[in-house]
Amino acid sequence: MAMRSIIDFVTFRWLRPRRPEVAVLRLAGVIGGFGPLRSGMSLASTEALIERAFAVPHLSAVALVINSPGGSPAQSALIAKRVRDLAHEKEVPVLAFCEDVAASGGYWLACAADEIFVQPTSIVGSIGVITSGFGFTEAMEKLGVERRVYTAGEHKSTLDPFSPENADDVVRLKALQEDLHDVFKKTVQDRRGQRLKAAEDVLFSGEFWSGRKAVELGLADSEGDLRQVARDRFGKRVRLRRIQGPKRLLRRLGLGRGNAADSLFASTEGLLDPADWAAGMLSAVEERAIWSRFGL
């Protein structure tokens with residue numbers, strides 16, 4: 001930023017009319033943390049980028065480019081709230097552009113914007129809460145495996161996939177899902193307001209639609225892509241300022257924390273000790289099992 005100011009001064013660019021600036025922040029991937037071998041979006045990983053987006057000089061708007069199938073309810077809410085807080089503080093409009101998918105938690109992020117734009121082929125919606133898992137009791141019986149669980153706390157082993165399903169656990173789970181769903185619904189209602197054009201039992205059923213249908217339902221405002229909307233809104237001289245974090249060497253090489261297999265390859269170069277990635281894999285599996293219980 002300092003170097004750009006020096007160049008502007010030396011070339012007398014400061015005498016020219018200022019160009020409108022739109023900060024472009026990409027929010028892509030699963031929302032939430034999934035252990036040391038897999039990392040998704042979280043407030044911790046995006047907050048610095050969000051703050052940089054709103055710190056761009058002469059800012060006309062912040063554009064969120066969203067491509068996410070959802071994930072953690074808490075992280076979806078935290079990221080969206082940080083965007084809204086800075087939008088109010090800086091008095092800058094926020095525009096969301098949905099690419100392939102803005103579903104569930106991804107749509108929650110889109111609701112942080114003042115306007116939502118989609119492609120006709122985008123997948124939008126899925127305003128619901130899902131819990132999934134497996135039951136292994138019969139398989140364990142056939143294998144002759146005995147399950148031993150010791151807990152302090154009556155409900156600590158709730159939804160244990162290696163134990164028979166407990167009806168009381170399901171009742172508690174459904175109650176929790178309803179609480180999370182209510183928060184999600186209220187967020188959409190507060191942000192979209194009178195623009196919603198369908199009944200609640202349709203909008204909040206967990207169904208998802210094409211971008212074109214989402215506009216009809218009021219979940220999105222219009223079809224449009226980032227560059228064209230920016231030019232139409234702020235003029236042909238608008239500058240799109242892409243906000244990016246540091247690119248780590250491993251990610252440039254396709255290794256990084258993208259998935260477990262990539263991290264295994266990294267270990268052959270001495271970057272990760274085999275004991276570390278083995279322990280990390282077990283941790284990731286365990287944490288993923290917990291996350292799969294309560295997701296958007």
Side-chain angles (χ1 to χ4, degrees), residues 1 21-35 38-99 101-118 124-127 129 179-193 195 219-221 226 229-230 233 240-248 251 257 287 291 294-296:
M1 196 70 69
E21 300 271 358
V22 174
V24 181
L25 178 61
R26 176 172 292 275
L27 299 176
V30 176
I31 303 169
F34 295 98
R38 190 174 181 85
S39 181
M41 279 189 288
S42 67
L43 180 61
S45 67
T46 60
E47 185 171 23
L49 297 177
I50 295 171
E51 291 176 351
R52 282 178 53 194
F54 281 94
V56 171
H58 318 305
L59 193 60
S60 296
V62 170
L64 306 178
V65 179
I66 297 172
N67 200 345
S68 173
S72 161
Q75 293 302 323
S76 300
L78 287 168
I79 295 171
K81 183 178 185 301
R82 188 63 184 133
V83 170
R84 290 312 313 158
D85 287 347
L86 285 172
H88 286 304
E89 178 184 331
K90 304 293 185 178
E91 297 183 345
V92 172
V94 179
L95 310 177
F97 295 87
C98 304
E99 294 191 325
V101 57
S104 208
Y107 182 69
W108 194 320
L109 298 184
C111 284
D114 300 295
E115 295 180 70
I116 300 175
F117 297 88
V118 296
V124 180
S126 189
I127 303 170
V129 181
D179 285 345
L180 297 178
H181 197 197
D182 285 344
V183 175
F184 196 175
K185 290 190 291 185
K186 188 176 187 308
T187 296
V188 176
Q189 291 168 331
D190 288 347
R191 294 298 305 152
R192 299 299 298 168
R195 289 176 287 184
L219 294 173
D221 294 287
L226 169 61
V229 170
R233 187 70 56 89
L240 300 180
R241 188 69 57 82
R242 301 189 182 277
I243 307 300
Q244 297 178 321
K247 295 182 178 179
R248 297 176 182 176
R251 292 193 178 186
R257 289 159 58 98
E287 188 172 354
W291 274 108
F294 312 112
L296 292 176

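Here, residue 1 is the first one in the sequence, and each next residue gets the next number. Since the model is a prediction, treat every value here as computed from it, not as a measurement.
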| task | Show your working on side-chain contact (heavy atoms from CB on, under 4.5 Å) between I79 and W108 and close with a plain yes or no. | result | CA-CA 9 Å; I79 295 171; W108 194 320; over 6 Å; no
Atom [atom1] of [X] and atom [atom2] of [Y]: how far apart are they, to the nearest 0.5 Å?
| X | Y | atom1 | atom2 | result |
| --- | --- | --- | --- | --- |
| I243 | E51 | CD1 | CD | 12.0 Å |
| E47 | L43 | CD | CG | 4.5 Å |
| R52 | L86 | CZ | CG | 14.0 Å |

Can we say E115 and R195 salt-bridge, meaning some charged N sits less than 4.0 Å from an Asp/Glu carboxylate O? no
Quick one: closest heavy-atom pair of [X] and [Y], and the distance?
| X | Y | value |
| --- | --- | --- |
| F97 | A63 | CE1-CB, 3.9 Å |
| A96 | A110 | CB-O, 3.8 Å |
| S76 | L109 | O-CD2, 3.7 Å |
| G40 | S45 | O-OG, 3.9 Å |
| C111 | R192 | SG-CG, 4.5 Å |
| A23 | L59 | N-CD1, 3.6 Å |

Is there side-chain contact between [X] and [Y], with heavy atoms separated by less than 4.5 Å?
| X | Y | value |
| --- | --- | --- |
| V62 | V56 | no |
| V24 | Q244 | no |
| L95 | V22 | no |
| E99 | R26 | yes |
| I127 | V188 | yes |
| Y107 | I116 | yes |
| S68 | L27 | no |
| F54 | L25 | no |

Is the backbone N or O of F117 less than 3.5 Å from a side-chain atom of D221, with the two atoms forming a donor-acceptor pair by type?
no
Test side chain to side chain donor-acceptor pair (under 3.5 Å), reference D85, set R82, H88, K81, output is K81
- Full working for side-chain contact (heavy atoms from CB on, under 4.5 Å) between L64 and V83: CA-CA 10 Å; L64 306 178; V83 170; 4.2 Å; yes
